[in-house]
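Only one structure is covered here, and it is reproduced in the block below.
Chain letters run A, B, ... following the sequence lines, proteins first and then strands; every chain starts at 1.
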Number of protein chains: 2
Amino acid sequence: MYICSMYSSELIKGTLKTIVLNLLKDNRKMYGYEITQEVKKMTSDKIQITEGALYPTLHALEKQGDLITEKVYIGKRVRKYYILTDQGKVTMTDRVNEFADFMKTMRFLLDLDSTVQNA
Amino acid sequence: MYICSMYSSELIKGTLKTIVLNLLKDNRKMYGYEITQEVKKMTSDKIQITEGALYPTLHALEKQGDLITEKVYIGKRVRKYYILTDQGKVTMTDRVNEFADFMKTMRFLLDLDSTVQNA
DNA sequence: ATTAATACATAAGAAAATTATGTATTAATT
DNA sequence: AATTAATACATAATTTTCTTATGTATTAAT
C-alpha cells in the first residue's frame, strides 16, 4: 500500500499517482517527504504513503514527463521539489476525473447511495 | 484487471472481492459467468471482470470460508453457484463499509466535493 | 551522546491483477 | 451442415504495484 492502518492494502492500490498529481496542482511545488506528511495529516493517518512506494512513483512520473524537479540544498541536505508540467496538469485532470467517475460507478454498483455509509 | 475499457487498470485493483461479496448479499446465489455479465451490465461496460481475475478470487473466498458452492448441471454443462456464508456476510459488510470510508477520505483528499466531477 | 525526525534511494518479495491458453457445451449464424 | 459466438469452467506465465527491508546522511531533540 502505503502502510494503511485503516484500509486493507489492496483497496488503495492504484491511487498513489492520482494523489500525488493532485497535491501538486495549482502550481504547488512539494518534495517527497512533504507529500508523505501532508497526506498523513490530511487523512488523519488513514493513508500513510511509504517511501518505498512514493519515490519510484515520483521517478516514474518524472520520466514520463508529468513532473520536473528542482534541487534545493537546505544546509547540506538535498531536497528535491517536484512541479507539474503542462502535460502533468493534463494527466492530473484525467486521473482525478477518472477516479471521480470510478467512485460514481462503484457507489451505484455497491448500492451505497441508499445506505448510511456514504454520509 | 478486469478489462476496463474506461478505467486505467491500476485504479480498480483491490475492489474485486468487495464487488463480488456485495453482489451476493440478500442471500442471492450467483455463478461466475453471471457475475461478470451482471457487473458489465450494471456499469454499462465500464467494469468488465475477466475470468482470470474472477475464478481465483472466488476460490480464495471459498477457501477462507466466506462463500460456499452449489454445483448444478444445466444439461451436460456444470454451473457453480456461490452463496455467502454467515462469515461471508460479515466480511461483505466490513469490505463495503471500508470502501465507503475510503471513498470519503479520497473525496476530501482530492478536493472533489467542491468540483463538478462528483455529480 | 543517543534517539528521533528529516530526506533521499533502491532491492527483494508479495499480492492482485492481466494476458494467454485450455476444455467443453450450447446457441446462433452463414 | 459447418462455423462462429456465447456460455461456463479452469489455470499458468507474466506484469504491475505495492510492502518490507535496507542503506546513506543531515539535523533536531532528548
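Pairs of Watson-Crick or G-U wobble type, with distances under 3.5 Å, assemble into runs of 3 or more in DNA chain D at these ranges: C:1-30 with D:1-30.
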Donor-acceptor contacts, no H, no angles, side chain residues 51-59 of chain A, under 3.5 Å, sequence neighbours left out:
| residue | atom | partner | partner atom | Å |
| --- | --- | --- | --- | --- |
| A/T57 | OG1 | A/A53 | O | 2.8 |
| A/H59 | ND1 | A/Y55 | O | 3.3 |

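Sorted by first and then second residue, the salt bridge (Lys or Arg N to Asp or Glu O under 4.0 Å) pairs involving residues 56-82 of chain A (not counting sequence neighbours) are A/K29-A/E70. The ring pair (Phe, Tyr, Trp, His ring centres under 6.0 Å) contacts involving residues 15-53 of chain A comprise A/Y31-A/Y81, where partners must be two or more places apart or lie in separate chains. Sorted by first then second residue, the salt bridge (Lys or Arg N to Asp or Glu O under 4.0 Å) pairs that include residues 30-41 of chain A, not counting sequence neighbours, are A/R28-A/E38, A/K40-A/D45.
Among the heavy atoms of the strands lying under 4.0 Å from A/G75 are primed sugar atoms or P, OP1, OP2 only; no base atom is included.
Here the CG-OH distance, from A/L23 to A/Y82, works out to 14.0 Å after rounding to the nearest 0.5 Å.
In this structure, A/Q37 has no side chain to side chain donor-acceptor pair (under 3.5 Å) partners at least two apart in sequence or on a different chain. Residues meeting the salt bridge (charged side-chain N to carboxylate O under 4.0 Å, His left out) test with B/D86, sequence neighbours left out: B/K89.
The hydrophobic cluster around B/Y73 extends to B/V78, counting ILVMFWY residues whose side-chain heavy atoms fall within less than 4.5 Å of a member. Summarising the hydrophobic clusters (Ile, Leu, Val, Met, Phe, Trp, Tyr; side-chain heavy atoms under 4.5 Å, direct or chained), the residues clustered with B/I68 are B/I83.
Scanning residues 64-73 of chain A for heavy-atom distances under 4.0 Å to DNA chain C yields an empty list.
Taking 4.0 angstrom as the limit, A/H59 places none of its side-chain polar atoms (N or O) nearer than this to OP1 or OP2 of C/dC8.
In this structure, A/N97 contributes its side chain and A/T93 its backbone to a donor-acceptor pair below 3.5 Å.
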Quiz item: Once each nucleotide of nucleotides 2-8 of chain D is scored for protein heavy atoms under 4.0 Å, what B/S/- sequence comes out, 5' to 3'?
Solution: ----BBS
